[in-house]
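Each remark here refers to the structure printed beneath this line.
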Amino acid sequence: MTLSEEKLKYFIHTYGCQMNIHDSEKIAGILESMGYFSTDQVEDADVVVFNTCCIRETAEQKIYGHIGAIKKLKRAKPDLIAVVCGCMSQQEGVAEKIRTSYPFVDIVLGTSNLDALRDAILSAQKKKKVFNVEFSRYREEDFTQSRTSYPNAWVNINYGCNNFCTYCIVPYVRGRERSRPLDDVLEEVKQLLADGYKEITLLGQNVNSYGHDLEGNVTFAALLHNIGSLPGKFRLRFMTSHPKDLSQEVIDAIAAHPNICNNIHLPVQSGSTEILRRMNRRYTRDDYFALIDKIRAKLPDVGITTDIMVGFPGETEKDFCDTLDLVKHVKYSSAFCFVYSRRKGTPAYSMEDQVPYAIKKDRITRLLACQNEVTKEISQKMVGQNYEVLVEGANFRYENTMCGRTESGRLVNFKCDESNIGQFVTVKIERASSATLWGSITEEK
Ligand code: SAH
Ligand code: SF4
Ligand code: F3S
């Protein structure tokens, strides 16, 4: 084979949340339709994509470091095409910064114009740079995705966000909330099930407000009923639920359909009503507790997970203790805990009383320890019990070990082989170290 006949290859660096993981599947689909093949060695790639995140400063700095490293690769391989897309490139001034400080980058695209990637690559092949962060409202149906998460498939239901929590950059980089038509979502899900996917995860920054911008009375609960009624054995998950918009109808829909998982990701952010007010979350500590009670009354086995932030401007020791107290009472099956990071352009950036780093660090340590105790307690209670688990993939750290989740979302490790991926099995939990569960497949239900 001569050099020119060698396959062209792409490598995608994906940072950030599930939205980005799923967008990378779309990017891969576009590149594959152009004849590129995936490689897991960045040195072999002809196209390197950075699908970026800017939710916190630490994420951003790491990414700039990785982009910088491409300079050397490009010197060795002048035809290499470097693409920066995703949330970071949509921030004010970033495209300009890349143009001047990272001149070896060929393409900058935003979060809502992935459909422009094909033409941008064609231009870059002719050494023409493309910097385009316009919103274009592409239709997902217009290109094939290259899915990488079998037996799970991600499905976008709404894009963007209208909530403007005062700390958060997402509404600025992902734009206003737009819902996909219900029939489009339903068609995609039906096709995925026909293709053999066993778990569908609906994605949105706030799935609960799905439909408010569509004609007719389309709601998230209606979407759940539609998908939940589809035939066949599969699991339906969704994220993220904003507490202010989680309706009784949604809780009822989860209860009504056995294939909708008893698992809700319900970010609380803080346990202090005053901090929640200044975050513009639009619920109080009491509202949140009342919602938890409402959920558990209808779904006693539900696994509730959350996101929590420490060190928001003005957070006092008392506010923080309110968060610890909430964590002890709600008993989340797991919590993603973050240190508040100042994001330029958001209201909280210029709030007074920014919390010193040493205090943030102390609080995150205490918060993690607190949640760890809760997780341990829940895990211990699971030992000896049987759970239905979908075999999702290999745990490469151990031989012949696969992992999968219970309906409530807890990850379990057990022995079996890759041929079982995509099957539902019953696993008896045998031991638990705080967050990790170990078990073995059993015939009993
Ligand atoms: N739409 C989701 C959250 C998306 S961002 C929701 O409303 O819940 C994921 C998580 O990152 C947030 O829940 C929050 O806990 C955290 N986060 C967002 N902005 C942040 C910031 N500036 N600093 C630290 N953590 C942040
Ligand atoms: Fe950010 Fe708030 Fe929107 Fe979530 S709901 S994406 S935290 S602004
Ligand atoms: Fe997600 Fe990061 Fe963007 S968390 S929406 S990839 S800023």
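Order of appearance sets the numbers: ligands from 1, and atoms from 1 within every ligand. Counting from 1, the numbers follow the sequence of the chain as shown.
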Inset, instruction - Kindly indicate whether the side chain of His22, heavy atoms from C-beta on, has any atom under 4.5 Å from the side chain of Leu203. - result: yes
Inset, instruction - Kindly assign one of parallel, tilted or perpendicular to the pair Tyr172 and Phe164, based on the angle between their ring planes and the thresholds 30° and 60°. - result: perpendicular
Legend entry - Side-chain donor/acceptor of Lys129 to backbone N/O of Arg99, under 3.5 Å: no
Inset, instruction - Describe, in one word, how the ring planes of Tyr102 and Phe104 are oriented to each other, choosing from parallel (under 30°), tilted (30 to 60°) and perpendicular (over 60°). - result: perpendicular
Inset, instruction - With 2.8 Å as the limit, jot down which protein N, O or S atoms are around atom 3 (Fe) of ligand 2. - result: Cys161 SG
Inset, instruction - Could you tell me whether the side chain of Trp154 reaches within less than 4.5 Å of the side chain of Gln145, counting heavy atoms only? - result: no
Legend entry - Side chain, backbone, both or neither: the part of Met88 lying under 4.0 Å from ligand 3 by heavy atom: neither
Legend entry - Donor-acceptor contact present, side-chain Tyr283 to main-chain Val268, <3.5 Å: yes
Distances for all N or O pairs of ligand 1 and the protein under 3.5 Å?
{"from": "ligand 1", "atom 1": "1 (N)", "to": "Gln205", "atom 2": "O", "distance (Å)": "2.9"}
{"from": "ligand 1", "atom 1": "1 (N)", "to": "Gln205", "atom 2": "OE1", "distance (Å)": "2.8"}
{"from": "ligand 1", "atom 1": "7 (O)", "to": "Arg281", "atom 2": "NH1", "distance (Å)": "3.4"}
{"from": "ligand 1", "atom 1": "11 (O)", "to": "Arg56", "atom 2": "NH1", "distance (Å)": "3.2"}
{"from": "ligand 1", "atom 1": "13 (O)", "to": "Gln269", "atom 2": "NE2", "distance (Å)": "2.7"}
{"from": "ligand 1", "atom 1": "13 (O)", "to": "Asp307", "atom 2": "OD2", "distance (Å)": "2.6"}
{"from": "ligand 1", "atom 1": "15 (O)", "to": "Gln269", "atom 2": "OE1", "distance (Å)": "2.7"}
{"from": "ligand 1", "atom 1": "22 (N)", "to": "Tyr167", "atom 2": "O", "distance (Å)": "3.1"}
{"from": "ligand 1", "atom 1": "22 (N)", "to": "Ser341", "atom 2": "O", "distance (Å)": "2.9"}
{"from": "ligand 1", "atom 1": "23 (N)", "to": "Ser341", "atom 2": "N", "distance (Å)": "2.9"}
{"from": "ligand 1", "atom 1": "25 (N)", "to": "Arg56", "atom 2": "NH1", "distance (Å)": "3.2"}

Inset, instruction - Would you indicate whether Glu317, at its atom CD, is surrounded by more than 12 heavy atoms from other residues, nucleotides or ligands within a distance under 6.0 Å? - result: yes
Inset, instruction - Check ligand 3 against Arg174 and write out every atom of the ligand that is under 4.0 Å from a heavy-atom position of the residue. - result: 5 (S)
Legend entry - Test side chain to side chain contact (heavy atoms under 4.5 Å, CB included) applied to Glu43 and Val48, Leu73, Leu80, the passing residue: Leu73
Legend entry - Ser333 side chain to Thr305 backbone, donor-acceptor under 3.5 Å: no
Inset, instruction - Give the residue, atom name and distance (to 0.1 Å) of the protein heavy atom nearest atom 5 (S) of ligand 3. - result: Gln205 NE2, 3.3 Å
Legend entry - For Tyr167, atoms of ligand 2 separated by under 4.0 Å from a heavy atom: 7 (S)
Legend entry - Arg118 vs Phe143 side-chain heavy atoms within contact, under 4.5 Å: no
Inset, instruction - Give me the protein N, O or S atoms that fall under 2.8 Å of atom 2 (Fe) of ligand 3, sorted by chain and residue number. - result: Cys53 SG
Inset, instruction - Would you check if the side chain of Thr166 reaches a backbone N or O of Pro347 as a donor-acceptor pair within less than 3.5 Å? - result: no
Inset, instruction - Find out whether Glu199 and Pro151 are in side-chain contact, i.e. whether some heavy atom of one side chain is under 4.5 Å from a heavy atom of the other. - result: no
Inset, instruction - Assess Arg281 for proximity to ligand 2: is some non-hydrogen atom of it under 4.0 Å away? - result: yes
Legend entry - Which residues share a side-chain contact (heavy atoms from CB on, under 4.5 Å) with Asp213, sequence neighbours left out: Arg178, Ser179
Legend entry - Glu215, CD: over 12 other non-hydrogen atoms inside 6.0 angstrom: no
Legend entry - Test side chain to side chain donor-acceptor pair (under 3.5 Å) applied to Asn262 and Asp301, step by step: CA-CA 7 Å; Asn262 274 336; Asp301 294 329; 5.3 Å; no
